[in-house]
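Encoded as structure tokens, the structure appears first; notes follow it.
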Amino acid sequence: MNPLKAVRGTRDLMPPETALWNRIEAVARSVFGRYNFGEIRTPIFEDTALFARGVGEETDIVSKEMYTWEDRARAQSEKTQSLTLRPENTAGVVRAYIEHKLGETGQLQKLFYIGPQFRRERPQKGRYRQFSQIGAEVIGPAHAGAESALRDAEVLEMLATLLDELGIEGWTLKLNSVGSAADRPVYLAKLKAALGPVVGGMCADCQRRAETNPLRVLDCKVPEDQPIIDGLPRIGDSLDAASREHFAAVRAALDAAGVGYTLDHRLVRGLDYYTRTTFEFTHGGLGAQNALLGGGRYDGLSEAIGGPKAPGIGFAMGEDRLVLTLAAQLEAQQAARAELADVYVAPVGERQNAAALALARELRRAGLRVELGDGAFRVKKSFEAADKAARAIVLLGEDEAASGMLTVKDFATAVQTKVPRAELANSLLAARAETK
RNA sequence: GCGGCUAUAGUUCAGCGGCAGAACGCCUGACUGUGGCUCAGGAUGUCGUGGGUUCGAUCCCCACUAGCCGCCCCA
């Protein structure tokens with residue numbers, strides 16, 4: 001029988017890499033906290049209809065990338081229900097906002113999440129079928145200021161801070177406005193009309209996209225098509241006065257805060273719910289998956305899934321890609337170093353094993369990270385193991401047990417001393433404080 | 001869903017139609033209570049899975065599976 005393996009597109013995360021994941025999440029929590037966001041945890045699966053209505057029936061995510069199944073009825077009277085592993089988290093957050101009537105509080109809701117999402121795509125570097133996203137949403141009634149351009153700018157400024165604090169070097173913010181729900185059809189009609197006479201001269205992909213999803217034509221990277229694309233109408237020219245003003249206010253606030261960005265009139269996002277501001281933070285070195293995070297405003301999403309009017313803006317960041325980027329910046333080695341134990345407790349002779357556990361318990365209760373050896377090991381072997389696992393070793397043999405003076409050797413300095421048992425924890429804590 | 005490349009020790013990888021290799025790591029000893037450096041020895045493995053060609057296949061052929069890269073799409 002073949003051993004079972006993790007299913008395609010999923011993987012195990014293990015030390016030392018998990019230390020890097022934890023560090024990323026700790027930095028994100030710290031930044032979100034300072035911007036006064038609270039954490040939300042929504043279920044990993046939801047009613048399929050939530051994604052069909054929220055994300056958009058015609059998007060690739062919904063039409064071919066979801067893990068969907070029919071939940072079986074447990075009684076004759078019970079109906080079966082179509083359930084889906086969440087492919088993204090914004091729809092779930094907005095569903096919770098509606099379900100718990102958060103709009104009735106009158107307050108702006110600022111929520112962040114960290115958790116796994118699922119899409120049945122072909123796996124490749126930085127893209128897995130179970131992947132983790134870190135995201136946040138600002139949503140609320142219009143009278144709470146949810147529609148304000150200041151909220152867009154604040155979210156973008158927060159993201160710039162987050163990427164800086166994570167230590168991501170060389171990111172780029174791309175910014176665009178796709179207009180209101182009313183602007184979209186107007187622009188689509190113009191775009192289709194303009195494509196009509198020229199699409200025949202474009203690449204096969206574009207000819208297909210012109211039919212299925214004309215906005216994606218703007219994303220085409222084929223060099224020969226670029227002059228044609230440059231001649232197509234720009235979405236920015238189809239915005240109504242209010243959208244135009246909103247976008248100008250976002251840019252003004254970013255300029256005032258000193259957050260750099262690049263206007264990209266071709267930045268259209270794949271999800272149906274986006275309105276007005278759309279953005280993407282990109283980074284080189286990720287191959288075809290160069291987007292670290294993306295997001296935008298979704299003023300109509302709540303209504304699309306049956307809720308009250310609740311404009312909002314949010315983003316989702318691919319945590320797997322952040323890890324890749326940071327690991328490439330040698331952060332992984334530092335994370336691995338942080339995993340070293342403070343001390344290795346080495347009993348000498350099996351008769352000291354019981355006493356060694358008691359000693360390890362004392363040290364661990366004092367807050368030290370402790371690896372416990374085994375008295376069956378020869379002392380040389382204990383030292384070898386300790387050198388790999390910890391910053392220092394404590395020997396507990398017959399001499400030490402009799403005298404109460406423990407032998408401690410610090411590997412960084414190679415200095416060996418005798419320390420009274422009562423002072424051991426404090427002395428090790430002091431040593432740790434020095435090296436960190 | 002489509003195309004290209006890849007799959008050999010714990011890891012990174014070499015290799016050849018006829019006994020399975022290196023480096024690092026691991027184990028043992030030099031050193032009976034002292035790591036790192038050195039030296040001497042040792043163990044690794046259904047050569048991804050299944051089929052075919054052949055006297056003989058890890059090697060050649062086919063299929064499958066998985067990974068990587070790209071496309072589609074997206075975070």
Side-chain angles (χ1 to χ4, degrees), chain A residues 1-11 55-56 58-66 86-90 116-129 131-135 159 203-206 208-209 212-213 215-216 219-222 267-272 274 278-283 286-296 314-325 344 346-349 352 373 375 377-400 406-416:
Chain A
M1 202 162 87
N2 290 330
L4 291 165
K5 298 192 297 186
V7 306
R8 181 167 207 198
T10 69
R11 63 202 175 126
V55 178
E58 299 307 316
T59 61
D60 271 36
I61 293 178
V62 172
S63 62
K64 62 180 202 193
E65 293 173 1
M66 295 202 305
R86 62 186 188 196
E88 57 98 53
N89 218 330
T90 298
Q117 320 290 336
F118 305 85
R119 286 184 205 169
R120 201 176 178 291
E121 296 178 285
R122 179 89 173 234
Q124 53 181 272
K125 192 181 189 71
R127 174 152 82 191
Y128 304 95
R129 288 178 168 186
F131 56 102
S132 180
Q133 286 191 332
I134 299 176
L159 285 167
C203 70
D205 280 335
C206 280
R208 182 180 47 73
R209 281 188 282 231
T212 59
N213 192 351
L215 285 179
R216 307 299 319 179
D219 264 352
C220 179
K221 293 168 188 93
V222 177
L267 181 68
V268 291
R269 318 232 80 245
L271 279 50
D272 284 0
Y274 285 118
T278 59
F279 57 87
E280 201 170 88
F281 283 74
T282 60
H283 188 271
L286 283 172
Q289 276 65 54
N290 68 341
L292 280 173
L293 68 92
F315 67 88
M317 165 181 314
E319 193 174 5
D320 304 76
R321 292 186 192 174
L322 276 182
V323 169
L324 273 179
T325 304
Y344 183 100
V348 180
Q352 302 301 326
F377 297 161
R378 295 178 349 279
V379 172
K380 176 185 168 66
K381 180 168 171 169
S382 290
F383 267 80
E384 285 172 351
D387 187 44
K388 287 179 192 106
R391 302 170 206 274
I393 185 171
V394 174
L395 286 186
L396 180 58
E398 287 189 21
D399 298 352
E400 287 83 0
L406 301 175
T407 304
V408 181
K409 185 161 188 179
D410 183 308
F411 289 129
T413 60
V415 172
Q416 184 164 316

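Lettering of chains follows the sequences in order, A, B, ..., and the numbering in each one begins at 1. Values in this document were obtained by computation on a predicted structure and should not be read as measured data.
- Remark: A:L396 CG to A:T407 OG1 distance equals 9.0 Å, nearest 0.5 Å.
- Checking B:G35, B:C68, B:A75 against the side-chain heavy atoms of A:F383 singles out B:G35 as nearest.
- Here, B:G67 and B:U49 have their C1' atoms 15 Å apart, quoted to the whole Å.
- If you check every strand for non-hydrogen atoms under 4.0 Å, A:L395 touches a base.
- Between the base of B:A75 and the side chain of A:R119 there is a donor-acceptor pair shorter than 3.5 Å.
- A salt bridge links A:K380 to A:E384: at least one charged side-chain nitrogen sits closer than 4.0 Å to a carboxylate oxygen.
- A:E121 comes within 4.0 angstrom of a nucleotide base, judged by non-hydrogen atoms across all strands.
- In this structure, CZ on A:R119 lies 12.0 Å from CZ on A:R86, to the nearest 0.5 angstrom.
- Mapping A:D387 and A:K381 onto RNA chain B by nearest heavy atom places A:K381 at the nucleotide closer to the 5' end.
- At most 12 non-hydrogen atoms from other residues, nucleotides or ligands lie less than 6.0 angstrom from CD of A:E398.
- Remark: the A:R378 side chain and the B:C31 base include no donor-acceptor N/O pair separated by less than 3.5 Å.
- Minimum atom distance to the side chain of A:F131 is reached by B:A75, of the listed B:A75, B:G35, B:G1.
- Distances from the side chain of A:Q416 to the nucleotides B:U34, B:G35, B:C71 place B:U34 closest.
- Across all strands, A:R120 comes closer than 4.0 Å only to sugar-phosphate atoms, never to a base (heavy-atom distances).
- For B:G1, its base never sits under 3.5 Å from the side chain of A:E65 at any donor and acceptor pair.
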Exercise. Taking only Watson-Crick and G-U wobble pairs with both distances under 3.5 Å, what dot-bracket line describes RNA chain B, where [ ] shows pairs that cross earlier ones and | shows pairs with another strand?
Worked result: (((((((..((((....[..)))).(((((.......))))).....(((((..]....))))))))))))....
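- When the side-chain nitrogen and oxygen atoms of A:K409 are compared with OP1 and OP2 of B:G35, none of them lie within a distance under 4.0 Å.
- Rounded to whole Å, the P atom of B:C72 lies 46 Å from the corresponding atom of B:C26.
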Using a cut-off of under 3.5 Å, enumerate the N/O to N/O pairs linking the protein to nucleotides 63-67 of chain B.
from, atom 1, to, atom 2, distance (Å)
B:G67, OP1, A:G9, N, 3.2
B:G67, OP2, A:R8, NE, 2.8

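- Not one side-chain nitrogen or oxygen of A:Q117 sits closer than 4.0 Å to the OP1 or OP2 atom of B:A75.
- A side-chain contact (heavy atoms from CB on, under 4.5 Å) with A:L395 holds for exactly one of A:L406, A:V408, A:V348; it is A:V348.
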